[in-house]
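Just below is one structure, and these are the notes that go with it.
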Amino acid sequence: MELTSLLIYIGIFITLFLLAILISDGDLTLMFAERFGKRLSSVKGQVYWIVGASSGIGEYLAYELVANGAKVVLSGRRENELQKVKAQCLIIGKKSGISEADVLLLPVDVAKLELHQQYFDAVLKHFGTLDVLVNNAGRSQRAEWMNIDIRVDKDMFDGNVFGLLNLSRIVMPHFLQKKRGQIAVTSSVCGKVGAPCSASYNATKHALHGYFETLRAELTTQGISVTMLCPGPVFSDLLSACATDTYGQKLGGAMTKKDRRMSTERCARLCAVAMVNHLDEAWISINPVLLSLYASQYAPSLFRSFNGRLGARVAMTLRDSRNDLVNSCKQDSQQVKSD
Ligand SMILES: NC(=O)c1ccc[n+]([C@@H]2O[C@H](COP(=O)([O-])OP(=O)(O)OC[C@H]3O[C@@H](n4cnc5c(N)ncnc54)[C@H](OP(=O)(O)O)[C@@H]3O)[C@@H](O)[C@H]2O)c1
């Protein structure tokens with residue numbers, strides 16, 4: 001083949017690849033699995049424990065699962081919210097034969113490690129088994145790297161990492177005894193790149209990859225599968241309990257309808273597709289965030305150099321799709337003004 005023809009074929013391939021990414025809201029393996037993979041109906045009768053089911057992605061994941069006949073354990077700290085989610089699950093799950101006994105409400109604080117065995121015993125007492133643990137609980141952050149109180153970092157790791165890690169270790173003997181079990185972990189695009197103004201949060205999400213990918217490497221031959229879910233911006237309650245740089249402080253923010261984010265339903269559906277197809281990792285995001293994730297993975301230095309030129313303010317605006325939250329990056333905004 002002539003060099004010119006080869007270059008034309010490569011050009012066409014790259015153009016089609018970029019177009020496919022631009023019209024997708026998930027990585028291409030996930031999109032393929034959604035179209036041609038295992039159907040969601042395969043969850044029927046399986047027991048899913050969703051830790052972080054009281055709002056947002058976990059709440060809608062519960063709806064997706066019960067709609068397809070799965071039994072669910074709903075956990076989180078806010079019992080009132082869990083009650084509402086349970087009521088909705090019973091309505092949605094009715095067509096699939098879901099009844100009161102198939103939806104267990106189990107209030108859980110993942111940061112309370114000493115109670116983890118007790119929580120899991122309650123799951124086993126009710127259902128007698130567990131098939132999938134969904135480690136979805138998490139808290140975001142808006143803060144400048146320079147100013148973060150180290151107690152905030154520790155606090156974020158306690159909830160976002162150590163709580164989920166310990167719970168998974170408690171559940172693992174049960175999975176190993178059955179020779180089958182799945183752990184799904186809600187990481188984030190921030191678990192793959194260092195998005196500005198969320199250092200502790202990004203670090204917790206990166207840490208989840210370290211812990212759970214090692215688990216996969218060690219136990220995959222013993223029937224254990226691990227699915228890392230990496231959403232980009234999604235509508236949820238995430239900004240309200242969001243941490244700042246100050247210990248004990250909450251951002252108390254809220255998303256607005258005008259924000260550019262993926263719908264919670266769509267994100268939950270793609271999470272469910274990734275789980276039933278046992279994908280090792282799934283990227284779930286609208287563009288340009290999805291495209292930037294591809295760039296960071298396949299052209300790491302180029303992506304970082306490009307990002308560096310854009311500056312933190314632009315990256316923050318892309319992430320939150322509005323300007324008010326960008327003020328958490330004061331240092332950068334001052335720099336921009338003085339430039
Ligand atoms: N929304 C996004 O743009 C986005 C993007 C990437 C990744 N994520 C990740 O997606 C996951 C779900 O977040 P979301 O966006 O759906 O936000 P959300 O609506 O705030 O949901 C967070 C869930 O985590 C639970 N949770 C937090 N701390 C907990 C604790 N100590 N113990 C037990 N449960 C706890 C919350 O329940 P209680 O408050 O009732 O305890 C709630 O159910 C998080 O891990 C988040 O990092 C979200």
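Scope of the values below: all heavy atoms of this structure, side chains included, with no hydrogens, waters or symmetry mates. These numbers were taken from a predicted model, which means no experiment stands behind them. For ligands, and for the atoms within them, numbers begin at 1 and follow the listed sequence.
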So CG of Leu82 and OG of Ser55: to nearest 0.5 Å the spacing works out to 9.0 Å
Counting only non-hydrogen atoms and a 4.0 Å cut-off, the residues near ligand 1 are Gly52, Ala53, Ser54, Ser55, Gly56, Ile57, Gly76, Arg77, Arg78, Val108, Asp109, Val110, Asn136, Ala137, Gly138, Thr186, Ser187, Ser188, Tyr201, Lys205, Pro231, Gly232, Pro233, Val234, Ser236, Asp237, Leu238, Arg261
In the structure I gave you, are the side-chain heavy atoms of Asp25 and Leu290 within less than 4.5 Å of one another anywhere? no
So salt bridge (Lys or Arg N to Asp or Glu O under 4.0 Å) across residues 61-72, not counting sequence neighbours, yields Glu64-Arg269
Aromatic rings Phe17 and Tyr294: how do their planes relate, parallel, tilted or perpendicular, breaks at 30° and 60°?
perpendicular
Report task. Determine whether the aromatic ring centres of Phe303 and Phe306 lie less than 6.0 Å apart. Result -> no
Taking the side chain as everything from C-beta on, heavy atoms only, tell me whether Ile224 gets closer than 4.5 Å to Leu176. yes
